[in-house]
Undergrad: 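Quick one: the structure is below, and I'll ask about it shortly.
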Amino acid sequence: MLETIDTSMIDWSRAQFALTAIYHWLFVPLTLGLAVIMATMETLYVRTGNEFWKRTAKFWMKLFGINFAIGVATGLILEFQFGTNWSNYSWFVGDIFGAPLAIEGILAFFMEATFVAVMFFGWHKVSKGFHLASTWLTGLGATISAWWILVANSWMQYPVGMEFNPETMRNEMVDFMAVAFSPVAVVKFFHTVLSSWMLGAAFVIGVSAWYLIRKREKEFALASMKVAAAVGLFAALVTAATGDKSAYQVAQVQPMKLAAMEALYEGGTHEPLTVVGSIKIPEMLSFLATHNTAGYVPGINNLLEGGYTLPDGSTALSADEKMVNGKKAITALADFRRAKEEGDEASMQIARSALKEYMPYFGYGYIQDKEDLVPHVGLLFWSFRVMVGLGMYFILFFLVILLLVWKKRLAEFNWLHWISLWSIPLAYIASQAGWIVAEMGRQPWTIQDLLPVNAAVSKLETGSVQTTFFIFLIMFTVLLIAEIGIMVKAIRKGPDEK
Amino acid sequence: MDSTYIFLQHYWWFLVSLLGALLVFLLFVQGGNSLLYCLGRTEEERTLLVNSTGRKWEFTFTTLVTFGGAFFASFPLFYSTSFGGAYWLWMIILFSFVLQAVSYEFQSKLGNWLGKRTYQFFLVLNGIVGPLLLGAAVATFFNGSNFVVSKGNLTDEMMPVISHWGNRWHGLDAFADPWNLILGFAILFLARLLGNLYFINNIRHEALNARFRRQLIADAVPFLVFFLAFVIRTLLKDGFAVNPETGQIVMEPFKYFHNFMAMPYLLVLFLLGVVGVLYGLGKSIFCKTYPRGIWFAGVGTVLTVLALLLVVGYNHTAYYPSTADLQSSLTIANSCSSQFTLKTMAYVSILVPFVLAYIIYAWRAIDRKPLTMEEIKEDEHSY
């Protein structure tokens, strides 16, 4: 009997990765965002000598600490999950993918772990300058960590700097700089980190607004909102700019993701951008995707059927043709192995050149049904709109807050304080929606065009993965509820009096 | 094979082993936590203990993560075969560390609805499960695991997974071999010894200090029994040797003993390590005011574990042997990354001394004075 991989096991493995990633991402953006805000506050303390800023910084540090612990806890699983649940992936691209994870550990995690301890326990033990440096280094460590993990993620979306080696049966890195400074990684880094600053700023403003609603800690709240709104507006603008760049890159390297984000089945030139329903901006999609209002944007059906002209002048292959080519690549690899075993140099050479020719389609060889190549359109379409819509909202939000800070009238508008408070969950929704677009849009690939999910998993029983899925679900949910409870108490208590 | 490539494989095996050795030393956090209720009779005493390990746990955690990342980057076939195969063994280890990671920060905070005792239970749980299972996992490097690697599967479109575990226990089968458990217990008792020695160094509290030293004796005896049993048996047993010409794996009588003889510097390292542990331990037991045992025992632990991991990887030895299919066994040569990746990562590793330097600098800055109850009461970030 032919052995096949249980598709429900693949789905559970995906669900588990998605679950752990979503939970981890509840905590990371606040870590990144709060780090820069509290470090700014401590800088104000060191520069002015005003104890008020120290007290303010310390309050946000306390919330940072609660959030940091659970972020660390949920992050551990993500790294090891590549091995436990995606073992074939780990072998197939471990030569490239392992490096950023190792560098992240060596350069970033130790920096975070070391200086977060000084930040929390060092107030009476080290000099003011050393303490301030430690606070910044904690944030820098978190940010460097973000760089390397986003390099790793970008490589999954846009694999570069490697070659397939049939001798070892895996992809091997040939250009480290191409991996570490891939244009997709650079844009993704700024988009992700700056949007996290936005979330941190929205959190600080929302919590501060709650104090204003409760008519307490007024001075503290207004000062916090001032710093946060400045950070937030800057971050929101950079997020929007890098978002635009990101969309352009997606159009080039993951056209199917873009088509699904737009629910565009039949593409064309002069494509309008759908806002929602029948509201469209003429020629906008063509402009975003090609930087030309007349540019051709392929839709889902075009991508499956092929036949249109690519920017380099060649004709796009259909999904069926790509799948045939992928199978040819896999057959060439099998031929290569057989020839090698038999010591048949001539056949090895033939197989090697066939493999080279069809390697760009290698992953398509594992695709059983071309419909699998289309990601979930509804989810992507709406996640994308939620993300962009909220991104726009936050630009306006931070602008209004900053304007009122400048006019010294921020304390007057009670309705705005309520809006600020309710903007906290909106920031989280925007942030998660962004990752849903990025990761669900990558389906069915773990690595774009190179390895689909069904060829990347570990060989486990569905029951094992289901069990760990529910353990994670229960464990992380309980810990999340605990975290929120502690966070709310700490906020209610407010900053220390002294 | 290119001699540079061979050097890089050895260099990376050394780095991974060093990280593993540092991790075992840093398990003093877990060892200390496993003793939480043995040593801390009152709430106040337990608070002191938790705050003491609570200032170091992130180093252990980070070392675990970095150990994983470095193993992934340098020996990806191990990463895919062991983590994907011995699924449950690794998952249980990870679950325990997840619970530990939040337990410090959350336990004494207002609004923690799980209650302080639950979090302290998590600490104790991780304190026992972490070292025991990590020890058992490392023991499989000597005793073998039940897996098959067939890279040819990649050309099977329906079933392309290359590493398969040979049974449905997915790593829990490690417990069927008592020698894996014996190393597990040796590591657990070692972690408890180191935890005690760390407390002696880090805490000033009269009643506790006397208890630390009594507990040392209680843990030293089982540690020595388990450790010596494992080491003697390992030296006498057949080992997994690899023929450097053909890559064939064969069983070789007294392989690990031969490795020590072939690499006498490792024997020196190993003996120095053991002496270090025993000296740190003995002096702390017999000299009631001596606080620095942790440093001798800590350095000793690092040297001992390093020597053992190098013995299992160097001198043409399969470091992750398969009992299901001998030829699937992993060696540093057949499981490593490409020469390019190992070389690139070697450049990155030049930064490691800088990382160590700032860790030591920062650690000294906040540990200049031992921890006291007064300090915890004053410090608003205490756990």
Undergrad: Among Glu112(A), Glu172(A), Met475(A), which residue has the highest count of heavy-atom pairs closer than 4.5 Å to chain B?
TA: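 Among Glu112(A), Glu172(A), Met475(A), the one with the most close pairs to chain B is Met475(A).
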
Undergrad: Apply side-chain contact (heavy atoms from CB on, under 4.5 Å) to the pair Val161(B) and Asn153(B), showing each step before the final yes or no.
TA: CA-CA 6 Å; Val161(B) 184; Asn153(B) 285 0; 5.7 Å; no

Undergrad: How close do Ser337(B) and Arg170(A) get, counting heavy atoms only, and between which atoms?
TA: C-NH2, 3.3 Å

Undergrad: With a 4.5 angstrom heavy-atom cut-off, could you sort out which part of Ile359(B) is near chain A: side chain, backbone, both or neither?
TA: both

Undergrad: Can you tell which part of Val355(B) gets under 4.5 Å to a heavy atom of chain A, answering side chain, backbone, both or neither?
TA: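 Looking at Val355(B), just its side chain touches chain A.
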
Undergrad: Looking only at heavy atoms and a cut-off of under 4.5 Å, which of Ala117(A), Gly122(A), Gly65(A) has the most pairs with chain B?
TA: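 Of Ala117(A), Gly122(A), Gly65(A), Gly65(A) has the most heavy-atom pairs under 4.5 Å with chain B.
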
Undergrad: Using ring centroids (six-membered ring only for Trp), state whether Trp165(B) and Tyr87(B) fall under 6.0 Å.
TA: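 Not close enough - the centres of the two rings lie 6.0 Å or further apart.
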
Undergrad: If only atom types and distance count, is the side chain of Asp95(A) paired as donor or acceptor with the main-chain N or O of Thr341(B) below 3.5 Å?
TA: no

Undergrad: Check each atom of Thr168(A) against the heavy atoms of chain B and say whether the ones under 4.5 Å are side chain, backbone, both or neither.
TA: backbone

Undergrad: Side chain, backbone, both or neither: which part of Leu114(B) has a non-hydrogen atom closer than 4.5 Å to chain A?
TA: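 For Leu114(B), side-chain heavy atoms alone lie under 4.5 Å from chain A.
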
Undergrad: Counting heavy-atom pairs under 4.5 Å with chain B, which one of Val93(A), Ile96(A), Leu107(A) comes out on top?
TA: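 Maximum pair count with chain B is reached by Leu107(A).
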
Undergrad: Need one label for Ile471(A): side chain, backbone, both or neither, based on atoms under 4.5 Å from any heavy atom in chain B.
TA: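 Just the side chain, heavy atoms under 4.5 Å.
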
Undergrad: Are Phe61(B) and Phe109(A) an aromatic pair by the rule of ring centers under 6.0 Å?
TA: no

Undergrad: Can you say whether Met487(A) sits under 4.5 Å from chain B via the side chain, the backbone, both, or neither, judging by heavy atoms?
TA: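 It is neither, since no heavy atom gets under 4.5 Å.
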
Undergrad: Only pairs of heavy atoms separated by less than 4.5 Å count here; which of Phe67(B), Tyr79(B), Phe354(B) has the most with chain A?
TA: Tyr79(B)

Undergrad: Relative to chain B, which of Gln368(A), Met61(A), Arg492(A), Lys327(A) shows the most heavy atom pairs under 4.5 Å?
TA: Lys327(A)

Undergrad: Is it the case that the ring center of Phe110(A) lies less than 6.0 angstrom away from the ring center of Tyr358(B)?
TA: no

Undergrad: Most heavy-atom pairs under 4.5 angstrom with chain B, which of Val465(A), Ile70(A), Val174(A)?
TA: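 Of Val465(A), Ile70(A), Val174(A), Val174(A) has the most heavy-atom pairs under 4.5 Å with chain B.
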
Undergrad: Would you mind telling me which of Leu101(A), Val118(A), Leu76(A) has the largest number of heavy-atom pairs within less than 4.5 Å of chain B?
TA: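 Counting heavy-atom pairs under 4.5 Å, the top option is Leu76(A).
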
Undergrad: Tell me whether the centres of the aromatic rings in Phe130(A) and Tyr361(B) are closer together than 6.0 Å.
TA: yes

Undergrad: Tell me, side chain or backbone of Trp57(B) under 4.5 Å from chain A's heavy atoms, or both, or neither?
TA: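 Just its side chain gets close to chain A.
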
Undergrad: Given heavy-atom pairs under 4.5 angstrom as the criterion, report whether the side chain, backbone, both or neither of Leu64(B) touches chain A.
TA: both

Undergrad: For Thr118(B), enumerate each residue passing the side chain to side chain donor-acceptor pair (under 3.5 Å) test, keeping only those at least two apart in sequence or located in another chain.
TA: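 None.
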
Undergrad: Judged by modelled atom types alone, do Ser82(B) and Trp90(B) share a side-chain donor-acceptor pair under 3.5 Å?
TA: yes

Undergrad: Taking the six-membered ring for Trp, are Tyr23(A) and Phe472(A) closer than 6.0 Å centroid to centroid?
TA: no

